[in-house]
Amino acid sequence: MNSDKVEKHILSLMVENQPGVLARIAGLFSGRGFNIESLCVAETIDPDVSRITLVTVGDLAVTEQIKKQLNKLVNVIKVFDFTDTPHVHREMALLKIHARPETRAEILRMVDIFRSRVVDVGADYYTVEVTGDEDKITAFLNLLKPMGIKEIARTGAIALAREKTKGGQNGKN
Amino acid sequence: MTKMTGVQILFQALQEEGVTTIFGYPGGAVLDIYNELPKTDIKHILVRHEQGAVHAADAYARASGGVGVCLVTSGPGATNTVTGIASAYMDSVPVVVLTGQVPRHLIGNDAFQEVDIVGITRPCTKHNYLVTDIKDIARIIKEAFHIARSGRPGPVLIDLPKDLMTMTAEYKPLKAVSLRSYRPTYNPNLKQLDKVIKLIKSARKPMILAGGGVLLSKGSDALTAFAKKTNMPVAATLMGLGVFPTKSRLWLGMIGMHGTYRANMSSGECDLLIAIGVRFDDRVTGKIDVFAKKATIVHVDIDPTSIQKNVPVAIPVVGDCRITLELLNELLDKEDPATIHRQRRAWLDQIEEWKNTKPLAYEQKDEIKPQYVIEKLYELTKGDAIITTEVGQNQMWTAQYYNFDRPNCFITSGGLGVMGFGLPAAIGAQLARPDKLVVDIAGDGSIQMNIQEMATAVQYGLPIKVAILNNQYLGMVRQWQEMFYDKRYSHTDMQFAPDFVKLAEAYGAVGLRAVKPEEVEPVLKEGLFNKKTVIMDFQVEREEKVYPMVPAGAPITDMLLV
Ligand SMILES: Cc1ncc(C[n+]2csc(CCOP(=O)(O)OP(=O)(O)O)c2C)c(N)n1
Ligand SMILES: [Mg+2]
């Protein structure tokens, strides 16, 4: 309440893997005027539980309220906010890039520098897969834009907390 | 183990939850359920509209302290329940709504009378279920009742596809509910309570604001003890009326848009506000950024989302209101009373002065004043009646002038403000408490919204009383038009209305009318002590307004007094 600073929050929700759970969560955001920047859902190793990684923005009061409202949903088992805890997060993007004879080498060089991969090749395009945090992907996109991006598909963030064991904190992001 | 049909499992599970009364209305998708119903011990009340079923179940829950249950068919039966569900949701009332659904293989096909009621009611239920497997029926019923009545109570809807009802399966009674994702916090953090005690000791102008949560947790005795131990004055929200003895000198009255002068002024002047079981609705706080500006706010509630939602709180306490108050009382018993009562004299004197200089007031002249009817009703019933209301001026005058001095006697649609609530609610309350006198204080507009339930009341011999404060206006809306819209009474004139006395008679009830002030008491006496369903039509002064009033959006200390 004392901070009006608008911040991005990565929330990780453990939810019952049941129909309608996603609708409850989406409905909560739309009904109360909260923002969803991105959302990823998949089963965990326990097939009864799914993990939803959700990126939202808001000031402290709003994000606190979002977390409490999510916790209140009967099908939500746990809500983690990774904002102030050490964590790793990744996004992935697939880019279909115009590949002309004169740009092919340049594209491949970028792919190499960004540790990304060409996953499909056509007569006049490359499809490239890149993972990283949001900044890295945005940087990669900006560099490739001049070559001509035909299509793009981008996941939202997924994230896991780091363990508080020795060495865990030092791992590279 | 013997095999049972889906319907048999349903009723078995309901009876294990202690269900004795269901409010409902049949239709195609629930034919199998209705076919089985007469073979059970459950009493079914046939309402005349599904909205009435939910309001009746709502009031049944509030008057009995249990869970209200309704049963309706798919499609239009289900959509007709939505207003009632939304009202129960906002007022935190435990209701279980059973809706029929088309057979599973037709779901999603736009079948006849198919509607996605689970989707429609997702934002206005505490939780809801579409049952897809006969094996889940027993578990879901058990979970639904548990969710409805525990934590912050609320409505739960269960959608039952027709084909499941005639299938068979083995029935295993479940002992306990286990929901890893739902565990309400009942016991407050003791460290927070120590902080509260410290604040009480240093406060000079403290006050308590009690809401519906105190009643829901059955905490009014604990609240009364707490107020006495700390010598703190108590205001209540609309939903909290009845939590505190109104004769006490610590009683401030209702707070908010039509609150008492002293309750609203106290909130503006207090240095410590202990809010218990409230959610700081805008009708309570007025202009939010100046609400209780001088106070440190403590907020006790079982629902963490209520805390810090509208008002910044210094000491949040998540927990059951009654348990929290009892723990606070224990802590207070260890303190020297002198240190707790310190320096309250000036504050209580100030409140007394507010009370004496600006009391609730009206003048009974040539025409019947609606407030007079309510005061007379209070006198004649000695406060020992269950009062339901409709919505509008009638509701506010009831809140102001019927001295609710005991819990669970005031049943109103507070959060949603549903016109048409009071009559079906009176039916529900009367079924829960056959021993009690039940009166619906109605407006002439609202009563027409669920008037069909008169037939229900008469059919089941329910001696409920409807007292219409008949101003031939949608009075509350007219009041706003008079005060804020240049008296342009756009579509609020209700002079075209049925003759309510004849209408009562047409339903087989008793109809009475009072036109002059001296007729009020005789009509009330005749109506209240009649053993039948009664409508009393009080022709009141048409343009009487509810005062005090805080204009929408103004600080609640800026009150218009006349
Ligand atoms: C279902 C519904 N529709 C509309 C409203 C808006 N509304 C609030 S009070 C009111 C007037 C109620 O008139 P009446 O029942 O005669 O009560 P009075 O204010 O005259 O006592 C209206 C239309 C409402 N609360 N509920
Ligand atoms: Mg009226």
Side-chain angles (χ1 to χ4, degrees), chain A residues 1-7 9 11-34 36 41 43-52 54 56 58-81, chain B residues 86 89 92 104 107-108 116-133 136 139-140 143-144 146-148 150-152 154-157 159 177-185 279 288-289 297 299 301-314 316 318:
Chain A
M1 284 257 146
N2 29 29
S3 162
D4 293 341
K5 210 172 78 191
V6 172
E7 274 190 343
H9 286 249
L11 305 182
S12 184
L13 326 178
M14 307 304 275
V15 305
E16 301 283 357
N17 186 7
Q18 282 171 11
V21 178
L22 191 58
R24 280 178 211 284
I25 290 169
L28 190 148
F29 276 75
S30 64
R32 292 183 183 268
F34 303 145
I36 300 183
V41 194
E43 253 181 33
T44 61
I45 27 177
D46 177 351
D48 291 338
V49 177
S50 293
R51 184 192 285 273
I52 297 182
L54 190 155
T56 182
D59 63 22
L60 193 62
V62 168
T63 48
E64 282 303 308
Q65 185 60 212
I66 290 174
K67 284 185 267 177
K68 289 199 267 186
Q69 291 285 357
L70 286 168
N71 256 313
K72 187 172 161 178
L73 293 176
V74 170
N75 293 139
V76 172
I77 303 164
K78 206 148 176 51
V79 179
F80 302 97
D81 183 352
Chain B
Y89 184 61
S92 310
R104 283 172 302 167
I107 292 180
D116 175 15
I117 197 64
V118 166
I120 289 172
T121 58
R122 217 173 262 134
C124 61
T125 49
K126 186 170 172 187
H127 195 55
N128 60 18
Y129 295 90
L130 168 65
V131 185
T132 54
D133 188 333
D136 294 334
R139 173 184 57 82
I140 286 175
E143 282 181 10
H146 173 66
I147 291 169
S150 60
R152 177 179 174 177
V156 178
L157 180 141
D159 204 17
V177 177
S178 86
L179 282 165
R180 60 179 158 183
S181 52
Y182 174 76
R183 292 207 193 91
T185 307
R279 57 186 178 82
I288 193 94
D289 31 331
I297 301 182
H299 189 180
D301 204 282
I302 198 159
D303 178 3
T305 66
S306 284
I307 301 179
Q308 313 284 25
K309 183 175 65 182
N310 299 337
V311 169
V313 168
V318 178

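Just so it is clear: chains get the letters A, B, ... in the order the sequence lines come, proteins before strands, and each one is counted from 1.
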Check: Going by distance alone, is a donor N or O of one side chain under 3.5 Å from an acceptor N or O of the other, for B:Lys126 and B:Tyr182?
Finding: yes

Notebook entry, point to check: Distance only, no hydrogens: is a donor on one side chain within 3.5 Å (strictly under) of an acceptor on the other, for B:Asp303 and B:Thr305?
Noted result: yes

Measure distances from [X] to the heavy atoms of chain A and classify the residue's part below 4.5 Å as side chain, backbone, both or neither.
X	answer
B:Leu130	neither
B:Asn128	both
B:Arg152	side chain
B:Pro304	both

Note to self: Rounded to the nearest 0.5 Å, what separates atom CD1 in A:Ile66 from atom CD in A:Gln69?
What the structure shows: 9.5 Å

Next item on the list: First locate atom CD1 of B:Ile147, then atom CG of B:Leu179, and finally report the distance between them rounded to the nearest 0.5 Å.
Entry: 5.0 Å

Notebook entry, point to check: Can you check whether A:Pro47's main-chain N or O pairs, donor with acceptor, with A:Asn17's side chain at less than 3.5 Å?
Noted result: yes

Note to self: Does this structure show an ion pair linking A:Glu16 with B:Arg180, if we count only N-O contacts that are shorter than 4.0 Å?
What the structure shows: yes

Item checked: Residue, of A:Gln18, A:Lys72, A:Arg24, A:Met14, that accumulates the most heavy atom pairs under 4.5 Å with chain B -> A:Arg24

Next item on the list: Sort A:Val76 into side chain, backbone, both or neither according to what part of it lies under 4.5 angstrom from a heavy atom of chain B.
Entry: backbone

Item checked: Heavy-atom contact with chain B under 4.5 Å, split by part of A:Leu73 -> backbone

